[in-house]
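Naming convention: chains lettered A, B, ... in sequence-line order (proteins, then strands); numbering from 1 in each chain.
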Amino acid sequence: MAYERLPCGSSSKDSPCFGTLTAMLTYVETLVMDVIRSAYQTAFGAEPSPSFLVIRPTDRPEFGDYTSNIAMLAASHLKTAPRDIGSKLLQAISEQIESDPSHPVSRAEIAGPGFINLFLEPTAVQGSLRSVFDNDLPFGSSDLGKGKTIQVEFVSSNPTGPLTVGHGRQAVLGDVLARLYERIGYKVVREYYFNDEGQQIDLLAQSLWARYQELYGETHDIPENGYQGDYLILVAKALKDEWNRPYSQFDEDAKSRFRHEAVKRMTSLIKRDLRELDVHFDSWFSEADLHQAGKIEATLQLLRDKQGVYEHEGATWLRAEEHGGAKDSVLIRSDGRPTYLMVDIAYHINKHERGFDYVLNVQGADHHAEQTCVKAALRLLGYPDEWLSYAVHQFVSLKEDGQVQKMSTRAGRFVTLHDLTQDLGKDVVRYFMISRKPEAHLDFDLDLARAESSDNPSTYIQYAYTRIRSIFRKAEFVGFEDVNQTDLSLLTEAEELGLMKMLDQFPQVVVHAAIDFAPHALAEYGLNLSRAFHAYYDKHRVLTDNVSLQSARLTLLNAVVIVLGECLAILGMDAPEEM
RNA sequence: GCGCCCGUAGCUCAGGGGACAGAGCAGCGGCCUUCUAAGCCGCUGGCCGAAGGUUCGAAUCCUUCCGGGCGUACCA
């Protein structure tokens, strides 16, 4: 695998890419790039500017396999018309082809305003298949991260109720991003940050107490801003069975008991919901620890030292706006209690002290203002901007028979993640949650998700995997010790070359999905690869009397199943042997 | 009002400077004595929200406007 480092410049995405966008070239792209580069050198006697070196796969067979717009891009620099540049490049490529019998290009054309269209030799494409098996790392993995650590913090919902489908999107998004960063060479720590004390927990305890008293026939209003959901009734019943005594007063003793039980039981509910989705954390970080360790005061002092705060109307404010924040915000309320923002800043200092090279927070779009203020505070303290990234996602609506449901935890009006997972299964939930780009709203189509057919993209991909495994069982194929013993030149069908070119792209997709926070690209890729496989399967027989051909096709399918398996693994979905 | 995100086929969305705009669902029509039909093939369907600009080239970049979501708390 070859790497090129290009200036980042154009990337507006807020991702850990070291200030540079690292472009990785696949096996085939390396061949094509070399052809273009050396043709340019031959034709113009100079190294082309890296910004001219653009190639991409074509979307139409008549345009060849790869195309480059280098002639248009270099036109003003060379003060020459694109078509003229193209002719010279074409001539240089022709000379290359004549002098090199193993040249990867079979022919080249100039088209349209000056595109260089390259038609590849089948051997060049077949060579890429070998690269699937030849790597030191699993195909699609790379060492871009150089073993640096990145902490991914996500979900981080307070233990005040079950997780909703909205949390589910964040859980899957964070987990898939974590898996992606692992694939590109980072050491990843998944962390869940939760608040187990404070005003919300008090409200929770009081709401639970009210439910508890209801069981003794006493009506107590659930506090305003309290938690109305039915789930607390179940908890109250369990507690009644255990304690078997009323608590008529919400005194300090009761408060402490109900708070403790509420947090304990809500936390274990949350852990169950996440486990059911196959989302696991390495670290559970308690906000209370920050308070107890005196980190709030210490952080405030750091900000003071940098002239980052001021007093106004009895409260202490962060000078966020001066440092890129959305607006100045309160850190310490006039009654002396710290705000959520204050604690959040202290938390990020703690993350930094723990030595993570990069930190990635996955959050909902409703936290945007908060994010800019945290960044402002860290900037003030002299942290490099790229240390902290936010992957922001929009909300989820459930759609059933065209009906869209809006949710609110506090009002007790929601569909729980647990119910959704029980209904659809982990794989379907994960696929649907990740299949849209994070910054777009997600309409979760329950009717489609429930379909147990090819209509359902989740099962469609798994079925492709299953079909290949089934062929392997039939052929008693266990994979090749040495792929070089297989005659890949027999793989000349258009569908076969298409599959190989698609496989070749996989490492690119993984890098893009990770550093651009675009895990949906992987879901899309898996779907397209499955489609290409199903079409191939339908048109060409793999198991035949022709031993060499069968062997070559099994090798191709082995590569497909490896990549499909990796796709499913990164998405956190099962790869079933049979369906 | 201001800030962020989103407007692409009837519906849900890919594509985010390149050559006639893609997929799934829905609709219509085909394909199972052969590796799992949870599959394949074909047809139907679009002034890429609107208008200006930048460019050899704009769905894509910029500006304005329109529509939707979120934020704009001494909530978390």
S.K.: Is the base of B:G16 touched by the side chain of A:K437 through a donor-acceptor pair closer than 3.5 angstrom?
M.R.: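 Answer is yes: a donor-acceptor pair is held.
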S.K.: Just call it for A:E62: base, sugar-phosphate, or nothing, with non-hydrogen atoms closer than 4.0 Å on any strand.
M.R.: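 Base, at least one base heavy atom under 4.0 Å.
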S.K.: Pick the C1' atom in B:C43 and in B:A26, then give their distance to the nearest Å.
M.R.: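 Taking atom C1' in both B:C43 and B:A26, they lie 15 Å apart.
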S.K.: Extract the stems that RNA chain B is part of, considering only consecutive pairing runs of at least three Watson-Crick or G-U wobble pairs, both distances under 3.5 Å.
M.R.: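 For RNA chain B the paired stretches long enough to count as stems (3 pairs minimum) are B:1-7 with B:66-72, B:10-13 with B:22-25, B:27-31 with B:39-43, B:49-53 with B:61-65.
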S.K.: Identify all side-chain donor-acceptor contacts of residues 75-87 of chain A below 3.5 Å with residues at least two apart in sequence or on another chain.
M.R.:
unit_1, atom_1, unit_2, atom_2, d
A:T80, OG1, A:L78, O, 2.8
A:R83, NH1, A:G112, O, 2.6
A:S87, OG, A:R83, O, 2.8

S.K.: Could you tell me how far apart A:Q371 (CD) and B:G3 (C1') are, to the nearest whole angstrom?
M.R.: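 Interatomic distance, CD of A:Q371 to C1' of B:G3: 13 Å.
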S.K.: Report which part of the nucleic acid A:N528 touches: base, sugar-phosphate, or nothing (heavy-atom distance under 4.0 Å, all strands).
M.R.: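 No contact at all - A:N528 keeps every heavy atom at 4.0 Å or more from the nucleic acid.
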S.K.: Would you classify A:T544 as touching base, sugar-phosphate or nothing, given that sugar-phosphate means primed atoms plus P, OP1 and OP2, and contacts are heavy atoms under 4.0 Å?
M.R.: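 The answer is nothing, as A:T544 stays clear of every strand by at least 4.0 Å.
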S.K.: Say we look at B:C31 and B:G18: how far apart would their P atoms be, to the nearest angstrom?
M.R.: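 So the two P atoms sit 41 Å from each other.
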S.K.: With heavy atoms under 4.0 Å as the rule, sort A:A326 into base, sugar-phosphate or nothing.
M.R.: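 A:A326: no heavy atom of the nucleic acid under 4.0 Å.
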S.K.: Does A:F63 lie flat on the base of B:A19, that is, centres under 5.5 Å apart and planes under 30° off?
M.R.: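 Yes, aromatic ring over the base.
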S.K.: So, does the side chain of A:N225 form a donor-acceptor pair with the base of B:A76 at under 3.5 Å?
M.R.: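 No, no donor-acceptor pair under 3.5 Å.
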S.K.: Syn versus anti for B:C32, judged by chi lying within 90° of 0?
M.R.: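 You should classify B:C32 as syn.
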S.K.: Mind checking whether A:Y463 and A:H534 have ring centres under 6.0 Å apart?
M.R.: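 Between A:H534 and A:Y463, which both carry aromatic rings, the centre distance is below 6.0 Å.
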S.K.: Report yes if a donor N or O on one partner sits less than 3.5 Å from an acceptor N or O on the other, where the partners are the side chain of A:D366 and the base of B:G71; otherwise report no.
M.R.: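 Between B:G71 and A:D366, which were checked side chain against base, a qualifying N/O pair under 3.5 Å is absent.
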S.K.: Using a 4.0 Å heavy-atom cut-off across all strands, classify A:N117 as base, sugar-phosphate, or nothing.
M.R.: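 Here A:N117 touches the bases of the nucleic acid.
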S.K.: Using a cut-off of 4.0 Å on non-hydrogen atoms, how would the nucleic acid contact of A:R531 be classed: base, sugar-phosphate, or nothing?
M.R.: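 A:R531: backbone/sugar contact only, no base atoms under 4.0 Å.
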S.K.: Rounding to the closest angstrom, what is the interatomic distance between B:U8 and B:G46 at atom P?
M.R.: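 About 15 Å, rounded to a whole number of Å.
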S.K.: State whether the distance check finds a donor on one side and an acceptor on the other, under 3.5 Å, for side chain A:T67 versus base B:A19.
M.R.: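 Answer yes: a donor N or O sits under 3.5 Å from an acceptor.
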S.K.: Side-chain contact test, heavy atoms from C-beta onward, threshold under 4.5 Å: evaluate it for A:E191 versus A:W284 and give yes or no.
M.R.: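 Heavy-atom side-chain distance check fails, nothing below 4.5 Å.
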S.K.: Can you tell me the distance, in whole Å, between the NE2 atom of A:H540 and the C1' atom of B:C40?
M.R.: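 Distance check: A:H540 NE2 to B:C40 C1' gives 12 Å.
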S.K.: Rounded off to whole Å, could you give me the CZ-to-C1' distance for the A:F395 and B:G68 pair?
M.R.: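 These atoms are roughly 14 Å apart.
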S.K.: Specify whether A:F395 and A:H393 have parallel, tilted or perpendicular ring planes, treating 30° as the upper limit for parallel and 60° as the lower limit for perpendicular.
M.R.: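 Taking A:H393 first and then A:F395, their aromatic rings stand perpendicular (interplane angle over 60°).
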S.K.: Under 4.0 angstrom, heavy atoms only, what part of the nucleic acid is A:E321 near: base, sugar-phosphate, or nothing?
M.R.: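 The answer is nothing, as A:E321 stays clear of every strand by at least 4.0 Å.
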S.K.: How many whole angstroms separate atom CG of A:L446 from atom P of B:U12?
M.R.: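 It works out to 15 Å between those atoms.
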S.K.: Would the base of B:C4 count as contacting A:Q394 through its side chain, where contact means a donor and an acceptor less than 3.5 Å apart?
M.R.: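 Absent.
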S.K.: Expressed in angstrom and rounded to an integer, what is the separation of A:D538 atom CG from B:C35 atom C1'?
M.R.: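 Rounding to the nearest Å, CG of A:D538 and C1' of B:C35 are 12 Å apart.
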S.K.: Base, sugar-phosphate, or nothing: which does A:H367 touch, judged by heavy atoms less than 4.0 Å apart?
M.R.: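 The residue A:H367 makes base contact.
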S.K.: Is the distance between the ring centroids of A:F115 and A:F63 under 6.0 Å?
M.R.: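 Ring centres of A:F63 and A:F115 not closer than 6.0 Å.
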S.K.: Would B:C20 be called syn or anti, given that syn covers angles within 90° of 0?
M.R.: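 Syn conformation here, the glycosidic angle of B:C20 being no more than 90° from 0.
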S.K.: So what does A:E370 touch, heavy atoms closer than 4.0 Å: a base, only the sugar-phosphate, or nothing?
M.R.: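 It contacts base atoms.
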S.K.: Using a distance-only criterion (donor-acceptor N/O pair, under 3.5 Å, no hydrogens), is the base of B:C74 paired with the side chain of A:T339?
M.R.: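 No pair found.
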